[in-house]
Amino acid sequence: MWGKLLGTMFGFLFGRWLGAILGFYLGHLFDKSLRQDFDKVGGFQGFMKGEELHERQALFFSSCFSVMGHIAKSNGRVSEIHIQAASAFMDEMGLQGDDRKEAQHAFTAGKSSEFSIKEAVTDFKEAFARRYDLRQLFLEIQIQMAFCDGHVSDAEKTLLKQVSKYLGFAETHFLFLLKRYQAEFEFRRSQASGRSQQHHQGHQQTPQPAGLNRAKALAVLGLNEGANERDIKKAYRKLMSQHHPDKLVSQGLPKHMMEVAKRKSQDIQSAYEYLKKN
């Protein structure tokens, strides 16, 4: 707004009406560029200092683990696999001491019969209403927990749909994210299989493992086999922007969880690099 206003004023002073028109256009370009830069740092939230940002990070942290605990209990009891997955997730984040105890306490609270999934997720959604990328990452983490044993049960899927709805996402978007994570899981497992083959064969060059293919790499980016090079680049850039760790932290992601965003970025990068070569 200010760019257009000042541009028009100065343009009129130096070039009358023709100058005013040119000044208005240049001011519009300036406003557009300034708005994009402003959004990249999280809008007004980029200026949050101290306690306010800390409170949002604390809410993300506690809500994430409590909902994870609730999903782990959705089949009637928390299996050993879910407990191991939660512990591995805490290890990935580097949680120790009081931080780890806080995560464990939130996870346990989520397992309680008195825990209200609707209240917890609705409160989270209200706090991050304008942070689409953080709400989506939150849902992706819950999908990851449900998928820790290699599949999502009917009870887990039903609960994840509820979480998605409370977060403000359509069911179609939830199914899209679920499909993409399944592809990410398979792609990562195929990569690990390939590295294991190379290790056992003395690091000699070996063929790509049979499970690693173009279709799976495209699915990681949320694309179908008909996608062209332009589609691939567009999807890659969008996903990398959505999972950029520094941007997410500036919007309220706990710093411990930067590793989660980094890992997802690495998976996206790996799929993109694979597609460039195949």
Quick one: do Phe187 and Asp267 satisfy side chain to side chain contact (heavy atoms under 4.5 Å, CB included)? Show the steps, please.
CA-CA 8 Å; Phe187 188 82; Asp267 289 336; 6.0 Å; no

Heavy-atom nearest pair, Val249 first then Pro254, reads CG2-O, 4.5 Å

Would a distance-only check, ignoring hydrogens and angles, find a side-chain to backbone donor-acceptor pair under 3.5 Å from Asn75 to Arg77?
no

Stepwise side-chain hydrogen bond (donor to acceptor under 3.5 Å, both in side chains) check, Glu186 with Gln182
CA-CA 6 Å; Glu186 292 295 332; Gln182 289 173 327; over 6 Å; no

Minimum side-chain heavy-atom gap Met240-Ser265 below 4.5 Å:
yes

Determine whether Phe138 and Val67 make a side-chain contact, defined as any pair of heavy atoms from C-beta on separated by less than 4.5 Å.
yes

Out of curiosity, Glu225 CD to Leu218 CG, how far, rounded to the nearest 0.5 Å?
7.0 Å

Polar side-chain atom of Asn224 near backbone of Gly226 as donor-acceptor pair, under 3.5 Å:
no

Within the 6.0 Å centroid threshold, strictly below: Phe107 and Phe65:
no

Go through the steps to decide whether Leu137 and Ile141 satisfy the test side chain to side chain contact (heavy atoms under 4.5 Å, CB included), and finish with yes or no.
CA-CA 6 Å; Leu137 180 61; Ile141 291 173; 4.2 Å; yes

With no hydrogens and no angle check, is any side-chain donor or acceptor of Lys264 less than 3.5 Å from a backbone partner on His243?
no

Just by modelled atom types, is the Gly222 backbone N or O under 3.5 Å from a matching donor or acceptor in the Arg180 side chain?
no

Side chains of Tyr166 and Gln162: closer than 4.5 Å at any heavy-atom pair?
yes

Give the C-alpha distance, both sets of side-chain angles, the deciding distance and a yes or no for side chain to side chain contact (heavy atoms under 4.5 Å, CB included) between Met257 and Cys64.
CA-CA 10 Å; Met257 290 188 171; Cys64 185; 3.7 Å; yes

Nearest-0.5 Å distance, CD1 of residue Ile143 to NZ of residue Lys179:
13.5 Å

Could you go step by step and tell me if Gln144 and Glu140 meet the side chain to side chain contact (heavy atoms under 4.5 Å, CB included) rule?
CA-CA 6 Å; Gln144 178 178 331; Glu140 289 174 335; over 6 Å; no

Can I get a per-line list of side-chain donor-acceptor pairs under 3.5 Å for residues 115-128, giving both atom names and the distance, sequence neighbours left out?
unit_1: Ser116; atom_1: OG; unit_2: Glu119; atom_2: N; d: 3.1
unit_1: Thr122; atom_1: OG1; unit_2: Lys118; atom_2: O; d: 2.6

Looking only at heavy atoms, which two atoms of Leu134 and Phe60 are closest? And how far apart?
O-CE1, 3.7 Å

Hphob cluster co-occupancy, Val152 + Ile81, side-chain heavy atoms under 4.5 angstrom
no

Nearest 0.5 Å, please: how far is CG in Asp231 from CG in Leu221?
10.5 Å

In this structure, OH of Tyr236 is separated from OG of Ser241 (nearest 0.5 Å) by 11.5 Å

When you measure from the side chain of Thr108 to the backbone N and O of Gln104, does any donor-acceptor pair fall under 3.5 Å?
yes

From Leu59 CG over to Gln57 CD, what is the distance, rounded to the nearest 0.5 angstrom?
11.0 Å

Using only atom types and a distance under 3.5 Å, with no angle test, would you say the side chain of Gln142 pairs donor to acceptor with the backbone of Met68?
yes

Only counting residues at least two apart or in another chain, list the ones meeting salt bridge (Lys or Arg N to Asp or Glu O under 4.0 Å) with Lys161.
Glu171

Name each donor-acceptor pair under 3.5 Å that joins a side chain in residues 82-94 to protein atoms two or more places apart or in another chain, with its distance.
unit_1: His82; atom_1: ND1; unit_2: Ser79; atom_2: OG; d: 2.6
unit_1: His82; atom_1: NE2; unit_2: Glu156; atom_2: OE2; d: 3.0
unit_1: Ser87; atom_1: OG; unit_2: Arg100; atom_2: NH2; d: 3.1
unit_1: Asp91; atom_1: OD1; unit_2: Arg100; atom_2: NH1; d: 3.0
unit_1: Asp91; atom_1: OD1; unit_2: Arg100; atom_2: NH2; d: 3.0

Validation row: Lys157, Leu175 side chains within 4.5 angstrom (heavy atoms):
yes

Just by modelled atom types, is the Lys247 backbone N or O under 3.5 Å from a matching donor or acceptor in the Ser250 side chain?
yes

Can you confirm whether Asp154 is buried at CG, in the sense that more than 12 heavy atoms of other residues, nucleotides or ligands lie under 6.0 Å from that atom?
no

Quick one: which of Arg263, Met258, Glu259 gives a side chain to side chain contact (heavy atoms under 4.5 Å, CB included) with Pro245?
Met258

How many angstroms lie between OH in Tyr274 and CD in Gln269, if you round to the nearest 0.5 Å?
16.0 Å

Which heavy atom of Ser62 sits nearest a heavy atom of Ala106, and at what distance?
O-CB, 3.7 Å

I'd like to check Leu178 versus Phe174 (side-chain heavy atoms, cut-off strictly below 4.5 Å). Are they in contact?
yes

Salt bridge check, Lys216 against Glu184: does any charged N sit closer than 4.0 Å to a carboxylate O?
no

Are there more than 12 heavy atoms of other residues, nucleotides or ligands under 6.0 Å from atom NZ of Lys111?
yes

Name the orientation class of the two ring planes belonging to Tyr132 and His173 (parallel below 30°, tilted from 30 to 60°, perpendicular beyond 60°).
tilted

